[in-house]
Amino acid sequence: MEAIFAAINGIFSFIGPLSDFLWDFPTNMKWYASIPILGNFSLAIILLMGSGIYFSLRLGFVQITEFKRGLLTMAHKKHTEIGISPLAAFFLSSAMRVGPGNIIGVTGAISVGGPGALFWMWLSAFFGMAVAYVESVLAQIFKERKDDEYVGGLPFYGRRLLGNKVWIGCFLSVLYILYAMCCLPAQAFNVVSSVGVMTTIVTGAEIAAGSSFYYVVGAIVIVISAIITFGGIRKLTKITDKMVPVMAVVYLVIVLVLALLNLDRLPYFFSAVFGGAFTQEAFFGGTFGTILSQGVKRGLMSNEAGQGTITMPAAAADADHPCEQGDISAIGVFLDTIVICTLTGFVVVMAHCWTGADGAAWGKLDKLPKFIASVAELTGGQGLHQAVTFLVTFCFCLFAYTCLLGMISFSEIAANRISRSSSFINMIRVIGLFVAAFGIMCNIAGYELGNLWAFSDLGNIMIVYFNIPILYCGAKLVFKAHEHYAKNDGTPFTGEVVGIPLEYWDNKAKK
């Protein structure tokens, strides 16, 4: 088995360097890097931040003006016979957004770029809210009905906006499915590993990598996942409606307790974050690019604004107007990065282990152990440390598991652009479960497929490079829809509002 894992690692050995090249391009070229200020900005950062700034200005900073309206839309209880409610769509997208990256991604960004990376994460999230608004409105505009569900998202609006060519929709579907499938092993790995850590904390006994315990846990995870995913999107939302609030609240309480226990460190947190982002050394000492890129890159990988990967649940919602779901998607980015990622940043920065005498030891730790080490620094007592570590690991487990379910289900929605036959959709589900089981087998064997995990980085940037230009192709439609929504004059949204026929919305208005 180890030989198979080693062979797979070898096959994917090119992924990491290729991903780094695309993320850093063209800052990895001397002529560009030598340009003052501009040389710090990669194409990915320019696309993401630039698009966020442009859409924010063009839409009148919708992330601020429509924030309250979005909250009221979510708070309104809506019975839906077709699709899912806007609130259920919010929880479903949050199940995917709020993942292990909210802990290990933020920890990694601060480890490499320092506390200042957190500021740029905030800024990228603020402008990313506008990008999320645009892509989610497009997902709603071009959604289609399938039995008692709605399907849509990047493959659907991409096809319509690029000449309505079948191959474009299929290509974008395959691109997302490949991305999701290559992320699944890591999420399944994280789930089973977390269960093992929690069991060790409770029993005090270390569980060997090849123990039958992991086989049992792995089998249970796959069986439960199969029951949920084969139940369809509506069944999945019943799960995420409960899991997302629990994991968010538990994590919030943990960090608030740690903050209360370390109130004297709060001033250091803010001075470290803002000082690290704007120091003279950062701008002129060559570290600004690293701080900025870590903040934007990890912010994107956490909230996924601009990727189009969260547009599938946005399309699944039974909204009264496309812009309703745009507001809610923007709030999803806020929850993920401004709230959840900031909580992680509080712990890591306030502990500031990397600045102490054990800084060398910190540098040798992996990302999750770094976070656990920060928790240990802030808890003090051994009993409290055990309890907090268990709860943090529990949250990490839920973060990973909701991502696992989301990736399989979103792949299913994307696959509808290729074929809507039940056999094809079931095949996508089976492949997703098989890939997740493969990740669990890696855990049991005690083997990490580092190069395969790096595929998520590559998938992120590849989808960004395709999705952002498509958003500009559909931007005029979003602007017209936004103007209609802002009027709030009681007239229904139809294709006439944006100037093109829209089968779903036109039929809805006739009823």
Side-chain angles (χ1 to χ4, degrees), residues 82-84 88-89 92-93 95-97 135-136 138-162 164-188 222 225-237 239-240 304 307-317 402-439 455-456 458-460 462-463 466-467 470 503-504:
I82 309 296
I84 58 179
L92 183 58
S93 63
M96 179 79 159
R97 277 194 177 105
E135 59 187 4
S136 294
L138 284 176
Q140 273 286 321
I141 288 175
F142 292 110
K143 72 180 181 182
E144 300 175 11
R145 178 174 172 176
K146 177 196 172 187
D147 301 326
D148 64 345
E149 297 178 347
Y150 296 117
V151 292
L154 172 59
F156 291 77
Y157 66 68
R159 172 180 169 174
R160 287 291 301 273
L161 292 171
L162 298 178
N164 204 23
K165 292 181 172 55
V166 174
W167 71 267
I168 291 176
C170 292
F171 171 78
L172 293 172
S173 295
V174 170
L175 181 65
Y176 176 78
I177 293 170
L178 285 176
Y179 156 72
M181 293 302 167
C182 286
C183 292
L184 276 172
Q187 304 306 336
I222 295 300
S225 300
I227 293 171
I228 295 172
T229 54
F230 275 88
I233 300 299
R234 291 170 72 89
K235 185 170 185 176
L236 173 61
T237 58
I239 305 299
T240 55
E304 304 192 29
Q307 285 183 245
T309 50
I310 303 297
T311 56
M312 275 67 83
T402 55
C403 274
L404 185 153
L405 294 175
M407 285 174 177
I408 296 176
S409 298
F410 297 176
S411 295
E412 169 191 335
I413 297 175
N416 278 277
R417 183 69 282 168
I418 302 172
S419 173
R420 298 189 182 182
S421 71
S422 57
S423 58
F424 180 73
I425 299 303
N426 285 335
M427 181 185 72
I428 296 297
R429 292 166 173 164
V430 169
I431 292 174
L433 292 168
F434 176 81
V435 173
F438 175 76
F455 197 97
S456 62
L458 178 62
N460 274 317
M462 288 294 291
I463 296 177
F466 282 104
N467 184 54
I470 294 174
E503 182 179 353
Y504 167 75

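- Surrounding CZ of Phe424 are more than 12 heavy atoms belonging to other residues, nucleotides or ligands, all under 6.0 Å away.
- Residue Phe466 holds its CZ atom at 10.5 Å from CG of Leu162, rounded to the nearest 0.5 Å.
- Between Met312 and Pro155 the shortest side-chain heavy-atom distance falls below 4.5 Å.
- Screening residues 419-428 for salt bridge (Lys or Arg N to Asp or Glu O under 4.0 Å), with sequence neighbours left out, gives Glu144-Arg420.
- For the pair Ile168 and Gly158, the tightest heavy-atom approach, listed with the atom from each and the gap, is CG2-O, 3.9 Å.
- Lys143 places a side-chain N or O within 3.5 Å of a backbone atom of Ala317 that can act as its donor or acceptor partner.
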*Test log, rule side-chain contact (heavy atoms from CB on, under 4.5 Å), inputs Val151 and Phe156*: CA-CA 8 Å; Val151 292; Phe156 291 77; 3.8 Å; yes
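- The main-chain N or O of Ala436 is never found under 3.5 Å from a side-chain atom of Gln187 such that the two would form a donor-acceptor pair.
- Side-chain atoms of Glu135 come within 3.5 Å of backbone N or O of Gly308 as a donor-acceptor pair.
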*Can you check side-chain contact (heavy atoms from CB on, under 4.5 Å) on Val174 and Arg417, steps first, answer last?*
CA-CA 10 Å; Val174 170; Arg417 183 69 282 168; over 6 Å; no
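- Annotation: the span from Leu172 atom CG to Asn467 atom CG amounts to 8.5 Å, rounded to 0.5 Å.
- By the 6.0 Å and 45° rule, Arg145 does not stack over the aromatic ring of Tyr504.
- Under the 4.5 Å side-chain criterion, counting only non-hydrogen atoms from C-beta, Leu138 is not in contact with Ile470.
- Here the CG-CZ distance, from Leu154 to Phe142, works out to 12.5 Å after rounding to the nearest 0.5 Å.
- Ile177 CD1 to Ile428 CD1: the interatomic distance, rounded to the nearest 0.5 Å, is 4.5 Å.
- Between the side chain of Asn426 and the backbone N or O of Ser422 there is at least one donor-acceptor pair closer than 3.5 Å.
- Summarising the geometry of Met181 relative to Val435, their closest heavy-atom pair is O-CG1, 3.1 Å, with the distance given to 0.1 Å.
- Between the side chain of Ser173 and the backbone N or O of Ala415, no donor-acceptor pair lies under 3.5 Å.
- Between the CD1 atom of Ile141 and the OG atom of Ser136 there is a distance of 11.0 Å, given to the nearest 0.5 Å.
- Of the options Val430, Leu404, Ile408, a side-chain contact (heavy atoms from CB on, under 4.5 Å) to Thr229 is made by Ile408 and by none of the others.
- Ring geometry for Phe410 versus Tyr176: interplanar angle of 30 to 60°, hence tilted.
- The distance from atom CD1 of Ile431 to atom CG of Leu184, rounded to the nearest 0.5 Å, is 11.0 Å.
- Shown here for Ala315 and Ala139, the closest heavy-atom pair between the two residues is CB-O, 3.7 Å.
- Not counting sequence neighbours, Glu503 has no partner by the salt bridge (Lys or Arg N to Asp or Glu O under 4.0 Å) test.
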